[in-house]
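These numbers come from the heavy atoms of this one structure, side chains and all, not from hydrogens, waters or symmetry mates.
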Amino acid sequence: MLIASICKELRLLSRDLHGVAVLFIMPILFMFIMSAALSNESELSQEAPIMLLSERENPLNEALFQALKEEGLSVVQGNIQSERVKAESALTEGIYSLLIINSNSKLTALSDEKPLELRLNPSIDRGWLLGVKGILQKHYTRLRLEQYLADNYIKLKNRQQKQIKEIEKKVNQDLDKKFAQINDYLAKARWQEVYLNRQGEQITKPNSVQHSVPAWLIFGMFFIMIPLSNVMAMERQTNTITRLRMARASALNLIVAKLLPYFLINQLQFIGMIALGYFVLPYFDMPAFSLNGEWWQYAVLSMTVSLAALGYGLFVSVIARTTEHAVVLGGGGIIIMAAIGGIMVPTYVMPDIMQTVAEFSPMGWALGAFQNLLLNQSALSQIADYLLKLTAFGGVTIGLAAMIYQQQLRKQVRF
């Protein structure tokens, strides 16, 4: 009876190839789009150039201009006296992304130094602006101190005397050495990033692909609800549920028979998405996705995520009266779980209250477990909390779905 029921489910699935195709095509498209969108997270990309307005005769401004260009920024220079009004008008038209105004002259004392003025559009990318500010602080501070220290030599009275002149020369040489050390220090990077896993081992810097692939893989696994609800709707429309009741089929056997084919589809989704991330993404100038740690740990995770996804899909399918009802109810629930669970927006950029809400999303549990395995290389025991939550969610929803389905079998409901 179980084998016959599984064969029935496979035949019904073969009539809904569009629904099955969605399970693979949709998460693949999301994975490519989001991975590509976030692949330049370490670069400062800009649509319009930066205008540096300053006093042209000041060597400091020329050095700053060259330093910004060497950082990969698109920069043009302008004279603060003659081009300021025109540049501000161009900024409002989107010709420039940012105006950097240095109103200091080469004769300005360090104590009278005015801060650089940044003029910008309110819709500017705040992340890009933060990167530019860091570059400005690094180079302008260094160049300004170099300029200040270059003119700080002592001149002694009676320097025409040989002995005094030698003392002056020796002191100035010592100052040069100290100033050179200061300049070298300012030119060095202020920090070095070292990423450690749970075992304290050094690992490579995480990239956008390591968020996009797991996130949209989980999202796609939960969309197993679409073909499952279509099959359940077919049963009602063709009166299959009455024939099943006459055959005295138990709800448990029928549910097991339903879930097995979809469980296998979930595993194919898991394997397929990882394979695409590893083999295909590098062809699009994106990092290759690879699993860190033991493969069997990911297999356990895949099964628990599948259990939660199947439980949710089955529960929606038995309470929905039509396919449209299932799509609205189940699809809306999936999008909400994805939005609050860190699939669409990483939880670390959310406010505290949203991070608290994310702890109640099954997709958030799945993504948290996946990223702990992938990034922290955690042991299975260290993600046991996530696995237990997913298993409990799947068990409860499947149990509720079985009770409702049993009642439908008894009533011989036909919609």
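Inter-residue side-chain proximity for His211 and Gln371 is flagged as met; some heavy-atom pair is nearer than 4.5 Å. Using a 4.5 Å heavy-atom cutoff, the side chains of Gln382 and Asn372 are not in contact. Leu281 places a side-chain heavy atom less than 4.5 Å from the side chain of Val213. Considering only heavy atoms from C-beta on, Ser302 stays 4.5 Å or farther from Asn266 through its side chain. For the pair Leu228 and Leu314, the minimum side-chain heavy-atom distance is below 4.5 Å. In this structure, the side chains of Leu217 and Val305 stay at 4.5 Å or more apart for every pair of heavy atoms. For the pair Val76/Leu52, no side-chain contact is recorded, criterion being any heavy-atom separation below 4.5 Å from C-beta on. With a 4.5 Å cut-off on side-chain heavy atoms, Phe289 and Pro214 count as touching.
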Could you go through the side-chain contact (heavy atoms from CB on, under 4.5 Å) check for Leu380 and Ile383 one step at a time? CA-CA 5 Å; Leu380 209 60; Ile383 62 167; 3.9 Å; yes
Stepwise, does the side-chain contact (heavy atoms from CB on, under 4.5 Å) test hold for Arg84 with Arg119? CA-CA 11 Å; Arg84 179 166 182 164; Arg119 299 218 167 183; 3.2 Å; yes
Quick one: do Leu64 and Asn102 satisfy side-chain contact (heavy atoms from CB on, under 4.5 Å)? Show the steps, please. CA-CA 11 Å; Leu64 179 62; Asn102 182 11; 5.6 Å; no
Applying side-chain contact (heavy atoms from CB on, under 4.5 Å), run through Glu117 and Ser103 and close with a yes or a no. CA-CA 8 Å; Glu117 184 179 344; Ser103 57; over 6 Å; no
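Using modelled atom types, no side-chain atom of Ser229 and backbone atom of Ser317 make a donor-acceptor pair closer than 3.5 Å. Listed for the Asn79 side chain is a donor-acceptor partner under 3.5 Å among the backbone atoms of Gln81. A donor-acceptor pair is defined here as one N or O able to donate and one able to accept, closer than 3.5 Å; such a pair exists between the side chain of Thr356 and the backbone of Asp352. Formation of a donor-acceptor pair under 3.5 Å by the Ser361 side chain with backbone atoms of Val357 is not found in this model. The main-chain N or O of Gly394 is found under 3.5 Å from a side-chain atom of Thr397 such that the two form a donor-acceptor pair. In this structure a side-chain-to-backbone donor-acceptor pair under 3.5 Å is present from Gln269 to Gly220.
Taking the centre of each ring, Trp295 and Tyr298 stay at or above the 6.0 Å mark. Close placement of the Phe370 and Phe270 rings is indicated, their centers lying within 6.0 Å of each other.
In this structure, Met221 CE and Leu307 CG are separated by 10.0 Å, a value rounded to the nearest 0.5 Å. Rounded to the nearest 0.5 Å, atoms OH (Tyr312) and CZ (Phe223) are 9.0 Å apart. Atom CZ of Phe65 and atom CD of Gln77 lie 4.5 Å apart (nearest 0.5 Å). The distance from the CG atom of Leu375 to the CG atom of Asn292 is 7.5 Å, given to the nearest 0.5 Å. Annotation: the span from Glu71 atom CD to His139 atom NE2 amounts to 3.5 Å, rounded to 0.5 Å. Atom-to-atom distance recorded for Ser105:OG and Asn61:CG is 10.0 Å, nearest 0.5 angstrom.
The shortest non-hydrogen separation linking Ala48 to Gly94 is CB-O, 3.7 Å. Of all heavy-atom pairs spanning Met350 and Val345, the tightest one is CE-O, 3.3 Å. Shortest non-hydrogen contact noted between Ser378 and Gln297 is O-OE1, 3.9 Å. Minimum heavy-atom separation, Leu387 to Leu301: CD2-CD1, 3.9 Å. Closest approach of Leu60 and Leu143 over heavy atoms only: CD1-CB, 3.2 Å. Contact record, Ile335 with Met344: CG2-CE, 3.9 Å, taken as the closest heavy-atom pair.
Within a 6.0 Å sphere centred on CE of Met403, other residues, nucleotides and ligands contribute 12 heavy atoms or fewer.
In this model, no donor atom of one side chain and acceptor atom of the other lie less than 3.5 Å apart for Gln66 and Glu70.
Under the 30°/60° scheme for interplanar angles, the aromatic rings of Phe219 and Trp216 are found to stand perpendicular.
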